[in-house]
Amino acid sequence: MKKWLIALAGILLTFTLAGCGSKTVASTNGGKITESQYYSSMKGTSSGKQVLQQMILNKVLEKDYGSKVSKKAVTKQYNTYKQQYGTSFSTVLSQNGLTTGTFKEQIRSNLLLKEAVKDKAKITNADLKKQWKSYEPKVTVQHILVAKKDTSDTVLKALKKDSSESNFSKLAKKYSTDTTSKSNGGKLAAFDNTNTSYSSKFLKAAFALKNGAYTTSAVKTSNGYEIIRMVKNPGKGNMSDHTADLKKQIWDNDMSDSTVLHNVVAKVLKAGNVKIKDNDLKNILSSYLSTSSSSSSAK
């Protein structure tokens, strides 16, 4: 199944499928193109069908979950992307055929779909236990990244004498090649097991540290040699203490699982009592409405 919405990618057309008639969309010296001609042409294309599928789904999702997705939530996610891409954000939007308005529409569609996933995709105790195996709470670390092993040995020798946060900060400012964090003593933003910015080696080494401890040997990654010091590790604790976080991670994973999404969408569309009036498009939702998955578990 093709994902219903992919942030900063995909196609988003803004034509109206209802009420098409003789109104002129464009005119040339060879004649005019009417809404009905445009509609007839577009409905036979994969892009046109994809847009109609999305419009139908959005209508049903909006009715069922619209009250759960606020304008504030959409704006917050929009600003997160804007901050992530910085000065290139406008260019990225343009390259993907998006404007601020259409991108926010995509974000809202995605948030509505996530509400449907939370509602329709049942989470079992087995699912929680499986997620618990990889779960790590948010931790805060300092790190020093260097290019050569000899340099890492020098740093480690200094830390053996004084591994305090203040001394680690001084060493980070002096030796670290990470220009983003060195001025802040090598301190990184808090992260958990869902982080994809750091290598698996880095994450494994970090999560193994207790408060105040550091890696007594450098961690070799594709970036160089990493020395990591734990600033705050709350400890994993018991699974029952982290049920909400585990569910959130499972739902986030579901949003990237085509099978789960297909089954959730099938359930939503079936409950939405969708009826296709155009005979040429009557089978547009057949992969969702004529499958047993629409009446089975979402997982």
Side-chain angles (χ1 to χ4, degrees), residues 1-66 69 71 73-114 116 255 258 261-262 265-266 268-270 272-291:
M1 166 199 163
K2 203 165 187 177
K3 286 187 70 174
W4 282 88
L5 180 144
I6 303 174
L8 296 177
I11 211 165
L12 186 66
L13 303 180
T14 55
F15 62 90
T16 303
L17 294 175
C20 290
S22 60
K23 184 179 179 181
T24 300
V25 175
S27 62
T28 72
N29 57 12
K32 64 182 181 180
I33 300 171
T34 65
E35 285 181 336
S36 59
Q37 289 173 328
Y38 178 56
Y39 170 75
S40 296
S41 175
M42 283 302 298
K43 73 178 184 179
T45 67
S46 59
S47 296
K49 291 176 181 177
Q50 182 183 344
V51 171
L52 179 56
Q53 287 177 330
Q54 186 70 59
M55 291 176 76
I56 292 170
L57 179 62
N58 282 350
K59 285 286 187 182
V60 181
L61 288 175
E62 196 67 59
K63 177 182 178 298
D64 293 344
Y65 306 104
V69 178
K71 184 177 180 180
V74 173
T75 301
K76 181 179 179 181
Q77 194 166 110
Y78 174 86
N79 288 337
T80 297
Y81 280 113
K82 188 175 182 180
Q83 183 178 17
Q84 178 183 343
Y85 285 92
T87 55
S88 64
F89 182 62
S90 296
T91 302
V92 173
L93 287 182
S94 179
Q95 289 174 343
N96 287 278
L98 296 167
T99 64
T100 294
T102 55
F103 184 44
K104 284 185 176 181
E105 287 175 7
Q106 282 201 4
I107 291 174
R108 183 170 181 81
S109 295
N110 206 37
L111 292 175
L112 287 170
L113 181 56
K114 189 169 184 178
M255 290 296 290
S258 60
L261 288 183
H262 185 283
V265 168
V268 169
L269 292 176
K270 184 177 181 182
N273 193 30
V274 179
K275 291 181 175 61
I276 307 298
K277 303 296 185 180
D278 189 319
N279 286 333
D280 294 332
L281 296 167
K282 63 182 179 180
N283 295 320
I284 195 172
L285 300 175
S286 59
S287 63
Y288 299 98
L289 299 181
S290 62
T291 175

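Excluded from the calculations below are hydrogen atoms, water molecules and symmetry mates; all remaining heavy atoms, backbone and side chain alike, are included.
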Counterpart residues, side-chain hydrogen bond (donor to acceptor under 3.5 Å, both in side chains), relative to D64 (two or more places apart): none

Point-to-point distance, once rounded to the nearest 0.5 Å, from CD of E62 to CG of L57: 11.0 Å

Set of residues satisfying side chain to side chain contact (heavy atoms under 4.5 Å, CB included) with respect to V274, sequence neighbours excluded: I56, V60, L269, I276, L285

Flag, side chain of R108 to backbone of V74, donor-acceptor distance under 3.5 Å: no

Beyond-backbone contact of Y81 with I107, side-chain heavy atoms, under 4.5 angstrom: yes

Atom pair OH (Y65) and CG (L111), whose distance is rounded to the nearest 0.5 Å: 14.0 Å

For S41, all residues meeting side-chain hydrogen bond (donor to acceptor under 3.5 Å, both in side chains), sequence neighbours excluded: none

Closest non-hydrogen atom pair between F103 and L98, with its separation: CD1-CD1, 4.0 Å

Which residues share a side-chain hydrogen bond (donor to acceptor under 3.5 Å, both in side chains) with T100, sequence neighbours left out: Y78

Aromatic ring pairing F89/Y85, orientation class (parallel under 30°, perpendicular over 60°, tilted between): tilted

All side-chain hydrogen bond (donor to acceptor under 3.5 Å, both in side chains) counterparts of N279, not counting sequence neighbours: none

Pair listing, salt bridge (Lys or Arg N to Asp or Glu O under 4.0 Å) test, anchored in residues 88-103, at least two apart: none

Any donor-acceptor N/O pair, N110 side chain to Q106 backbone, under 3.5 Å: no

Exercise: identify the closest heavy-atom pair between M255 and L261: O-CD1, 3.5 Å

Derivation and outcome, side chain to side chain contact (heavy atoms under 4.5 Å, CB included), residues Q37 and V25: CA-CA 9 Å; Q37 289 173 328; V25 175; over 6 Å; no

Backbone of E105 reached by a side-chain donor or acceptor of S109 within 3.5 Å: yes

Test salt bridge (Lys or Arg N to Asp or Glu O under 4.0 Å) applied to K43 - qualifying residues, sequence neighbours left out: D278, D280

Polar side-chain atom of T45 near backbone of G48 as donor-acceptor pair, under 3.5 Å: yes

Distance in Å, T80 OG1 paired with Q77 CD, rounded so as to fall on 0.5 Å steps: 6.5 Å

With sequence neighbours excluded, residues passing side chain to side chain contact (heavy atoms under 4.5 Å, CB included) with K32: T24, S27, T34

For the student: nearest non-hydrogen atoms of T102 and T99, plus distance: OG1-N, 2.7 Å

Pairs meeting criterion salt bridge (Lys or Arg N to Asp or Glu O under 4.0 Å) with involvement of residues 78-99, two or more places apart: none

With sequence neighbours excluded, residues passing side chain to side chain contact (heavy atoms under 4.5 Å, CB included) with T75: K71, N79, K104

Exceeds 12 heavy-atom contacts within 6.0 angstrom, atom CD of Q83: no

With K59 via side chain to side chain contact (heavy atoms under 4.5 Å, CB included) - residues at least two apart: none

Heavy-atom side-chain proximity of V265 to L113 below 4.5 angstrom: yes

NZ on K49 to CG on N283, rounded to 0.5 Å: 9.0 Å

From I284 atom CD1 to Q53 atom CD, the distance as rounded to the nearest 0.5 Å: 5.0 Å

